[in-house]
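Data block below; observations after.
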Amino acid sequence: MVRVRFAPSPTGYLHIGGARTALFNWLFAKNQKGEFILRVEDTNKERSKLEFEEDIIKGLKNLGLEWDEFYRQSERTDFYEERLKRLLGEDKAYPCFCAKEELETEREAMLAQGIAPKYSGRCRRLTEEQVKNKIAAHEPYVIRLKTGEEGKIAFKDLIRGQVEFDVGLIGDIVIAKSLREPLYNFSATVDDSLMAITHVIRGEDHLSNTPKQILIFQALGVKEPLFAHLPMILNPDRSKMSKRYGDVALGSYLNDGYLPEAIVNFLVLLGWHPENEKEIMSLSELVEEFDLRRVQKAGAIFNLEKLNWMNKQYIARLDSSELTKQCSKFLPDDWKLTPAILEMIRGRLVKLSEVRELAGFIFEEPVYPKEMLFWQGRGERALNNLKKIYEIISGIKNSEFQVEILTDKILAFVPDSQKGDFLWPLRVALSGREASAGPFEILAVLGRKESLKRVQNAVQKLQG
């Protein structure tokens, strides 16, 4: 059975790139009728925080990516200790007592000679008695894995094809600070083995870890999983995605009113495409279509305009009751969306957080400079035209305050060549905005009394 894992470190909020990795793992597992495992890699005691773990869990749940099994590495220390002891006992690993200063000097000397820096293996040559004496003297040490001096580590990446690394350039790698403090490559490898992970699907920034992990798998005497390294997500200038182009945390997008379904649909197209090139796809459609063979090697550009377009498509598909529920999260409690308000702004909503800006003038009397009432700078016409509009509206009954009736009755008095001179100041008087819904939609939402009040206020503003 296919078993994959998403293994985030809770040292920061869930990144868009991490969410994409989780999504690809989840889709692959579901497509293959396999299992998706969430493993929180929290062995970094200084940087790991519960708030970050909670954010990761919340983010995955919001995207609909439920897991079949859940683990925390901090609760699995005994497993790592047992295997570290085994490697030490089998002479596949050894304590290294070299100080950081010694290692840095060694590294600089190698660089000066044009040699790729790696550990010289000095402590590998210590006798058993020397090791015992140093441990008895409480000299600090780390645990290193013995690696070969030559040879190749080769594997077939499911996305990138055949990949090879020169073992001689790696050196004896540090796998633990102590028996109870394994480092990332070791704990991840032990867990992948014990959890029977069949495919490791992760970002290509982990590619350099793969040969080290394969060496650990081999030392443990277990078969390594298949690997697939996803292309990086890039900024529009093709740099690595960072805060230069905005926030990279998934929660920021969710909190800003991007729908989870739109984010999922957008993320899956960052480096993957379906066979039929369809763009709007539900989660169930994605499960059916997903195939690692359609993942590209090149970096994927994060295009905010594309995300905005996609979110707008999903907002348009929401029924009124669900859209009202979602939008209400971004409004004060005493602002109640009506179906008429919702339909007035629906077509302009790119993200749900914009609902306050788009609908705010309905609930709060607009404030604006009188010059905004001038159509193309023609202030002399605005006052007379608004007075005429006031007279027209005054003659329309409450029951007739519907978009179609208002449109017919008002346009009957407005010359075709002067629509801007009449309708621009009317819309500004009602909304206080240079960009908003049309005046007839706003009139219908505000109702006769409030509409007359706002037009009268505009007249007084111009007279004053």
Side-chain angles (χ1 to χ4, degrees), residues 6 8 13-31 36 55-56 58-66 159 201-204 230-292 294-318 322-323 326-327 330 346-354:
F6 176 54
Y13 296 110
L14 181 58
H15 185 285
I16 279 289
R20 197 267 308 256
T21 297
L23 174 62
F24 278 37
N25 274 278
W26 189 90
L27 289 173
F28 179 71
K30 299 308 170 186
N31 175 271
F36 173 69
D55 178 75
I56 291 167
K58 180 181 178 182
L60 295 181
K61 286 184 175 180
N62 281 334
L63 296 183
L65 308 182
E66 295 286 350
I159 294 169
I201 304 170
R202 57 189 179 188
E204 67 177 18
L230 306 173
M232 297 296 291
I233 299 178
L234 306 175
N235 287 316
D237 67 354
R238 304 198 71 82
S239 62
K240 184 177 178 181
M241 190 181 180
S242 68
K243 290 188 177 181
R244 177 181 172 188
Y245 285 93
D247 209 319
V248 296
L250 171 67
S252 296
Y253 289 91
L254 291 168
N255 293 336
D256 200 24
Y258 289 94
L259 295 172
E261 299 86 350
I263 293 176
V264 164
N265 201 154
F266 174 74
L267 287 180
V268 79
L269 296 178
L270 290 177
W272 176 87
H273 58 94
E275 193 168 4
N276 58 10
E277 302 297 336
K278 187 177 179 181
E279 289 196 293
I280 303 297
M281 302 179 71
S282 67
L283 199 55
S284 59
E285 287 177 308
L286 290 173
V287 169
E288 184 69 26
E289 286 269 350
F290 193 77
D291 187 337
L292 280 176
R294 301 193 70 81
V295 176
Q296 67 189 39
K297 296 178 185 178
I301 302 295
F302 187 96
N303 185 334
L304 187 59
E305 289 182 4
K306 181 66 171 289
L307 174 58
N308 287 338
W309 172 83
M310 195 162 278
N311 202 54
K312 200 170 189 293
Q313 305 306 307
Y314 276 89
I315 287 175
R317 295 176 177 215
L318 289 178
E322 182 60 25
L323 184 56
Q326 295 289 345
C327 284
F330 296 90
R346 178 195 283 268
R348 301 174 63 84
L349 275 177
V350 173
K351 48 188 181 179
L352 299 180
S353 60
E354 296 174 342

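Quantities reported herein were computed from a predicted structural model and do not represent experimental measurements. Computed over heavy atoms, backbone and side chain alike; hydrogens, waters and symmetry mates excluded.
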Result block: side-chain N/O donor-acceptor pairs under 3.5 angstrom for residues 298-306, not counting sequence neighbours:
residue, atom, partner, partner atom, Å
N303, OD1, E305, N, 2.9
N303, OD1, K306, N, 3.2
K306, NZ, E279, OE2, 2.6

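- Surrounding OH of Y13 are at most 12 heavy atoms belonging to other residues, nucleotides or ligands under 6.0 Å away.
- Here salt bridge (charged side-chain N to carboxylate O under 4.0 Å, His left out) pairs that include residues 257-266, with residues two or more places apart or in two chains, number zero.
- The distance from atom OH of Y314 to atom OG of S282, rounded to the nearest 0.5 Å, is 7.0 Å.
- In this structure, CG on N265 lies 11.5 Å from CG on L259, to the nearest 0.5 angstrom.
- Shown here for P260 and L254, the closest heavy-atom pair between the two residues is CG-CD2, 3.9 Å.
- Residue L230 holds its CG atom at 14.0 Å from NZ of K297, rounded to the nearest 0.5 Å.
- Heavy atoms only, all atoms of each residue included: I159 and V295 are closest at CD1-CG1, 3.6 Å.
- Residue W26 holds its CH2 atom at 6.0 Å from NZ of K30, rounded to the nearest 0.5 Å.
- Note that the CD atom of E289 and the CG atom of N276 stand 5.0 Å from one another [nearest 0.5 Å].
- Under the side chain to side chain donor-acceptor pair (under 3.5 Å) criterion, R317 pairs with no residue, sequence neighbours left out.
- Of the possible donor and acceptor atoms, none in the side chain of K351 sits under 3.5 Å from a partner among the backbone N and O of K312.
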Practice task
Starting from the C-alpha separation in whole Å, work towards a yes-or-no answer on side-chain contact (heavy atoms from CB on, under 4.5 Å) for H15 and L250.
Solution key: CA-CA 6 Å; H15 185 285; L250 171 67; over 6 Å; no
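- Between the side chain of R20 and the main chain of F266, no donor-acceptor pair closer than 3.5 Å is present.
- Among all heavy-atom pairs drawn from G203 and T21, the shortest one is N-OG1, 4.2 Å.
- Taking both residues in full, the closest heavy atoms of I56 and F6 are given as CG2-CE2, 4.4 Å, listed atom of the first, atom of the second, then distance.
- Residue-environment remark: CD (E288) stays at or below the threshold of 12 foreign heavy atoms within 6.0 Å.
- Here the side chains of D291 and P274 are not in contact, with every heavy-atom distance at 4.5 Å or above.
- For L283 against G64, the heavy-atom pair with the smallest separation is CD2-O, 4.2 Å.
- Not a single donor-acceptor pair under 3.5 Å links the side chain of Q326 to the backbone N or O of E322.
- The main-chain N or O of A262 is never found under 3.5 Å from a side-chain atom of N311 such that the two would form a donor-acceptor pair.
- Note that NE2 of H273 and CD of E275 are 9.5 Å apart. Values are rounded to the nearest 0.5 Å.
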Exercise for the section: Take L269 and M281 through the side-chain contact (heavy atoms from CB on, under 4.5 Å) test and state the conclusion after the steps. Expected result: CA-CA 10 Å; L269 296 178; M281 302 179 71; 5.7 Å; no
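- Under the 4.0 Å criterion applied to side-chain N and carboxylate O atoms, K278 and E285 are assigned as salt-bridge partners.
- N31 places a side-chain N or O within 3.5 Å of a backbone atom of V287 that can act as its donor or acceptor partner.
- Nearest heavy-atom pair, L286 versus V268, reported as atom, atom and distance to 0.1 Å: CD2-CG1, 3.7 Å.
- In summary, the aromatic rings of F290 and W272 are positioned with their centroids under 6.0 Å apart.
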